[in-house]
Q: 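One structure is given below, represented as structure tokens, and several questions about it will come after.
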Amino acid sequence: MLFELSQLLHINLFGYITVRAGFAFFAAFILTLLIMPRYLAWAISKKANQPINKYIPAHEGKKHTPTMGGAMFIIASLAATLFSCDLSNLYVWGGIITLLGFGFVGFKDDIGKILSGNNLEGLTPRGKMALLILISLLVAGLLLTAGFPTTFYVPFVKTPLFDMGYFAIPFWVLVFLATTNAVNLTDGLDGLATVPSVIALVSFGVILYVTGHAIFSGYLLVPHIKGIGEMTIMAAALAGGLLGFLWYNCYPAEVFMGDTGSLAIGGFLAYLAILGKSEILLVLIGFIFVIETVSVILQVGSYKIRKERIFLMAPIHHHFELKKWAENKIIVRFWMISFLANLLALISFKFR
């Protein structure tokens with residue numbers, strides 16, 4: 001709406017991506033703050049609570065905490081996107097499909113857990129994976145048919161290593177699956193996944209703005225992709241929605257995002273990484289998510305091969321819980337690591 005208004009009334013201010021990104025951020029932030037209390041009242045009345053892992057005694061007090069709060073920041077972010085973005089931009093619609101698609105898979109999983117009262121219920125692993133692959137294929141296919149470049153870049157190198165061609169589809173699907181599951185594993189403590197997600201969205205917002213800018217991309221020797229800068233606005237919208245959600249999700253949490261939120265965030269971060277040709281840089285930008293995932297892989301692999309566990313419990317944040325670290329200490333330290341890793345990622349983005 002803002003973009004169309006700028007074209008209709010010749011208001012140059014609303015034509016700037018940075019201005020509309022600011023509008024989107026604050027619109028999503030305020031809208032999330034306004035609608036969350038209404039959702040909480042409904043969720044409490046319906047007992048839409050997050051089933052708790054019985055192996056972590058410290059979480060016993062969280063068994064009455066409502067879940068699926070991720071739906072609220074998704075709604076707020078989409079509303080801010082529709083208000084602020086150029087809706088003729090295909091990349092924006094790809095982002096909308098990504099948020100809604102992965103969020104829907106998470107919603108289906110959350111509903112199953114709530115109705116069964118068991119954290120291990122919900123969608124079957126096979127059914128969940130099939131839906132995630134389906135959404136990933138849909139978005140990857142959309143990018144390919146739209147003529148999005150399939151070149152493969154790595155940090156510190158200004159030219160693409162090679163063109164993936166149609167092999168870009170399975171690679172992009174792998175990026176989607178890895179990122180969604182990584183964010184989902186991280187979402188285990190109050191605000192633990194929220195702040196690293198906001199930081200990652202800011203980093204990708206910067207990268208996409210530069211990539212979509214003809215002058216800045218040339219100066220920094222990064223690939224220039226026309227129209228990609230519009231996604232900076234959508235990244236800002238989701239960051240604003242998440243910050244509003246953090247108001248209720250910070251320790252001690254009044255609401256959890258659930259798989260509805262974590263899968264949507266993971267899918268959207270993967271989408272931004274693909275658009276910014278930063279799939280490899282995603283390892284640094286999403287460093288906390290990578291650590292959590294690797295801890296699970298190491299734990300499962302060690303137990304299968306040696307019948308011994310490396311950690312007291314995986315993902316690794318539960319290991320520190322069982323070592324009697326205070327929950328807020330774990331959370332804040334993980335936030336700090338995420339901030340430092342993203343700072344390194346942006347620094348590496350400059351050197352080519």
Side-chain angles (χ1 to χ4, degrees), residues 50 67-74 77 95 98-110 113 119 122-123 125 128-129 131-133 135-136 139 172-205 234-235 237-239 241-243 245-246 249-250 253 255-276 278-279 281-297 314-318 330-331 334-335 337-339 341-342 345:
Q50 173 74 48
T67 189
M68 289 196 303
M72 298 303 102
F73 65 69
I74 290 173
S77 302
T98 300
L99 262 186
L100 286 176
F102 286 100
F104 173 75
V105 177
F107 176 78
K108 290 278 291 179
D109 198 33
D110 283 335
K113 291 175 183 176
N119 201 36
L123 289 172
K128 187 175 181 179
M129 185 61 69
L131 287 173
L132 292 176
I133 291 173
I135 302 297
S136 302
V139 178
W172 290 340
V173 169
L174 180 62
V175 173
F176 275 117
L177 295 180
T179 313
T180 51
N181 282 288
V183 177
N184 186 238
L185 286 171
T186 306
D187 182 35
L189 297 178
D190 301 351
L192 181 60
T194 307
V195 171
S197 297
V198 172
I199 295 171
L201 286 166
V202 171
S203 295
F204 278 128
M234 195 169 181
L238 184 55
L242 277 169
L243 202 62
F245 173 72
L246 184 64
N249 181 237
C250 61
V255 63
F256 299 136
M257 69 171 69
D259 285 9
T260 306
S262 62
L263 293 184
I265 293 169
F268 191 70
L269 288 177
Y271 182 66
L272 296 183
I274 291 167
L275 293 185
S278 302
E279 298 96 338
L281 203 58
L282 181 58
V283 174
L284 261 183
I285 292 174
F287 189 62
I288 285 297
F289 309 133
V290 172
I291 289 174
E292 297 276 20
T293 305
V294 169
S295 72
V296 173
I297 293 171
I316 197 169
H317 60 261
H318 290 321
I330 300 169
I331 295 164
F334 275 45
W335 290 354
I337 293 169
S338 178
F339 175 78
N342 275 261

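Just so you know, residue 1 is the first one in the sequence shown, and it goes up from there. Computed from heavy atoms alone, side chains included, the values below leave out hydrogens, waters and symmetry copies.
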Q: Using the test side chain to side chain donor-acceptor pair (under 3.5 Å), find all partners of T98 that sit at least two apart in sequence or belong to another chain.
A: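 Once residues adjacent in sequence are excluded, T98 has no partner under the side chain to side chain donor-acceptor pair (under 3.5 Å) criterion.
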Q: Just verifying a value: how many Å separate I337 CD1 and I199 CD1, rounded to the nearest 0.5 Å?
A: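 The CD1 atom of I337 sits 11.0 Å away from the CD1 atom of I199.
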Q: What pairs meet the salt bridge (charged side-chain N to carboxylate O under 4.0 Å, His left out) rule with one or both residues in residues 176-188, with sequence neighbours excluded?
A: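 Qualifying pairs, neighbours excluded: none.
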Q: Going through the checks in order, is the side chain to side chain contact (heavy atoms under 4.5 Å, CB included) test met by N181 and M129?
A: CA-CA 10 Å; N181 282 288; M129 185 61 69; 4.3 Å; yes
Q: Quick one: pull up CD in E279 and CD1 in I285 and give me the separation to the nearest 0.5 Å.
A: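 These two atoms lie 11.0 Å from each other.
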Q: Do the side chains of F107 and D259 get nearer than 4.5 Å, heavy atoms only?
A: no
Q: How far apart are the closest heavy atoms of I316 and I291, and which atoms are they?
A: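 So the two residues come closest at CG2-CG2, 4.0 Å.
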Q: Say you draw a straight line from CG of N342 to OG of S203; how long is it, rounded to the nearest 0.5 Å?
A: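 The CG atom of N342 sits 3.5 Å away from the OG atom of S203.
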Q: For residues S77 and G241, report the shortest heavy-atom separation together with the two atoms involved.
A: OG-CA, 4.1 Å
Q: Less than 4.5 Å apart, side chain to side chain, heavy atoms only: is that true for L201 and I265?
A: no
Q: Between L177 and S136, does a side chain to side chain contact (heavy atoms under 4.5 Å, CB included) hold up when you go through it step by step?
A: CA-CA 8 Å; L177 295 180; S136 302; 4.2 Å; yes
Q: Applying side chain to side chain donor-acceptor pair (under 3.5 Å), which residue pairs with at least one partner in residues 285-296 are found, sequence neighbours left out?
A: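 Checked against side chain to side chain donor-acceptor pair (under 3.5 Å) - neighbours excluded - the pairs reaching residues 285-296 are E292-H317.
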Q: For residues V198 and L243, report the shortest heavy-atom separation together with the two atoms involved.
A: CG2-N, 4.4 Å
Q: For residues G103 and I74, report the shortest heavy-atom separation together with the two atoms involved.
A: CA-CD1, 4.2 Å
Q: One pair to check against side chain to side chain contact (heavy atoms under 4.5 Å, CB included): S197 and F289. What are the steps and the verdict?
A: CA-CA 9 Å; S197 297; F289 309 133; 3.6 Å; yes
Q: With rounding to the nearest 0.5 angstrom, report the CZ to CZ distance, F204 to F268.
A: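 F204 CZ to F268 CZ: 10.5 Å, rounded to 0.5 Å.
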Q: Going by the rule side chain to side chain donor-acceptor pair (under 3.5 Å), which residues pair with T186 if we only count those two or more places apart in sequence or in a different chain?
A: none
Q: Report the distance from atom CG of L192 to atom SG of C250, rounding to the nearest 0.5 Å.
A: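 Answer for the CG-SG pair, L192 versus C250, is 13.5 Å.
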Q: Can you confirm whether F339 sits close enough to V195 that some side-chain heavy atom of one is under 4.5 Å from a side-chain heavy atom of the other?
A: no
Q: Enter the distance from L282:CG to T179:OG1 here, rounded to the nearest 0.5 Å.
A: 4.5 Å
Q: Going by side chain to side chain donor-acceptor pair (under 3.5 Å), name the residues that satisfy it together with S262, two or more places apart in sequence or in a different chain.
A: N184
Q: Parallel, tilted or perpendicular, judged at 30° and 60°: which one describes the rings of F73 and F245?
A: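 Perpendicular: the ring planes of F73 and F245 meet at over 60°.
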Q: Evaluate the criterion side-chain hydrogen bond (donor to acceptor under 3.5 Å, both in side chains) for residue pair D110 and T260; output intermediate values, then yes/no.
A: CA-CA 7 Å; D110 283 335; T260 306; 2.7 Å; yes
Q: Is the backbone of V139 close enough, under 3.5 Å, to the side chain of W172 for a donor and an acceptor to pair up by distance?
A: no
Q: To check you understand the geometry: which heavy-atom pair defines the closest contact between L263 and T180, and what is its length?
A: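 So the minimum-distance heavy-atom pair works out to O-CG2, 3.5 Å.
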Q: Heavy atoms only: give me the nearest V255-G69 pair and the separation to one decimal.
A: CG2-CA, 3.8 Å
Q: Test of understanding: with side chain to side chain donor-acceptor pair (under 3.5 Å), list the residues that count as partners of T194, not counting sequence neighbours.
A: N249
Q: Are D190 and F256 close enough, and set up right, to give a side chain to side chain contact (heavy atoms under 4.5 Å, CB included), and what steps lead you there?
A: CA-CA 8 Å; D190 301 351; F256 299 136; 3.5 Å; yes
